[in-house]
Amino acid sequence: MKNLVILISGGGSNMAAIVLAAQRDDWAGRYQARVAAVISNRPNAKGLALAQAQGLATAVVDHQSFASHTDPRGAFDAALMTEIDQHQPALVVLAGFMRILTPGFVAHYEGRLVNIHPSLLPAFTGLHTHQRAIDEGCRFAGATVHRVTAELDHGEILAQAVVPVLPDDTADSLSARVLTQEHLMYPQAVAQLLAAMSAA
Ligand code: GAR
């Protein structure tokens, strides 16, 4: 059985969409894959309760508890890797995980690490993507599923979803429209990766 580990920081709606797709589309039977654990860097992430309600293993590696360390980012990533590797994941899925990862972390999971970003990459890497798309007068916005490399929000593009930017849009209304598409796209993109792994 191939294990997926999903990393979250907040609401976890993309995580929930993947968990539901795994159940609905019988990923265990089709791809010999299952969601093994959901891990958050924030103890109060709402997605943790959603995952627990689905009977999934959850864990918290709180980045704030590494603040006094000489290398806070490296120490956090090392602790996170230890937690993730207990599940021997075939795929580590970043789903609203709002931490910049060290090159060592990214190298450790090379070929097994994917992310969803709320813009049409390569446009609008980083934060506040929806407001920036509105401010730039973009007529279309969207989201991208991509492999993770050491460079933030770069890496091979695996899937993209496009939505219109409407004249009265706020960052919130645009975000909600994009998120609806994320919930369709991310499970499909993960399923495609699993299918490719099964075929290899
Ligand atoms: C999603 O829109 C995702 O694309 C974005 O955070 C949201 C998480 O929502 N990710 C990033 O901004 C990563 N840089 P969710 O917690 O409800 O899935």
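Read the numbers this way: they start at 1 and go in the same order the structure lists the ligands and their atoms. Just so it is clear, the values below take in all heavy atoms, side chains as well, and ignore hydrogens, waters and symmetry mates. This one's a predicted model, so the numbers in the text were calculated from it and none came from an experiment.
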I need the contact residues for ligand 1: any residue with a non-hydrogen atom closer than 4.0 Å to the ligand, ordered by chain then number.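 Heavy-atom contacts below 4.0 Å: Gly11, Gly12, Ser13, Asn14, Gly96, Met98, Ile116, His117, Pro118, Leu179, Glu182.
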Side chain to side chain, Asn14 and His183, heavy atoms closer than 4.5 Å: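 Of all side-chain heavy-atom pairs linking His183 with Asn14, at least one is under 4.5 Å.
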For the NE2 atom of His130 and the OG atom of Ser119, what is their distance to the nearest 0.5 Å?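 Result: 8.5 Å between the selected atoms.
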Euclidean distance, Asp62 CG relative to Ser65 OG, rounded to 0.5 Å: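 CG of Asp62 is found 4.5 Å from OG of Ser65.
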In a table with atom names and distances, give each donor-acceptor pair under 3.5 Å that connects a side chain of residues 20-33 to protein atoms at least two apart or in another chain.
unit_1 : atom_1 : unit_2 : atom_2 : d
Gln23  : NE2    : Gln54  : OE1    : 3.0
Asp26  : OD1    : Gly29  : N      : 3.0
Gln32  : NE2    : Gly29  : O      : 2.9

Tracing side-chain links under 4.5 Å among I, L, V, M, F, W and Y, which residues wind up in one group with Ile84?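 When side chains under 4.5 Å apart are linked, the cluster holding Ile84 also contains Val5, Leu7, Ile39, Val61, Phe66, Phe76, Leu80, Met81, Val92, Leu94, Phe97, Leu101, Phe105, Val106, Tyr109, Leu113, Val148.
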Quick one: side chain to side chain contact (heavy atoms under 4.5 Å, CB included) partners of Thr58, sequence neighbours excluded?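 With sequence neighbours excluded, Thr58 shows a side chain to side chain contact (heavy atoms under 4.5 Å, CB included) to Val38, Leu48, Ala51, Gln52, given in chain and number order.
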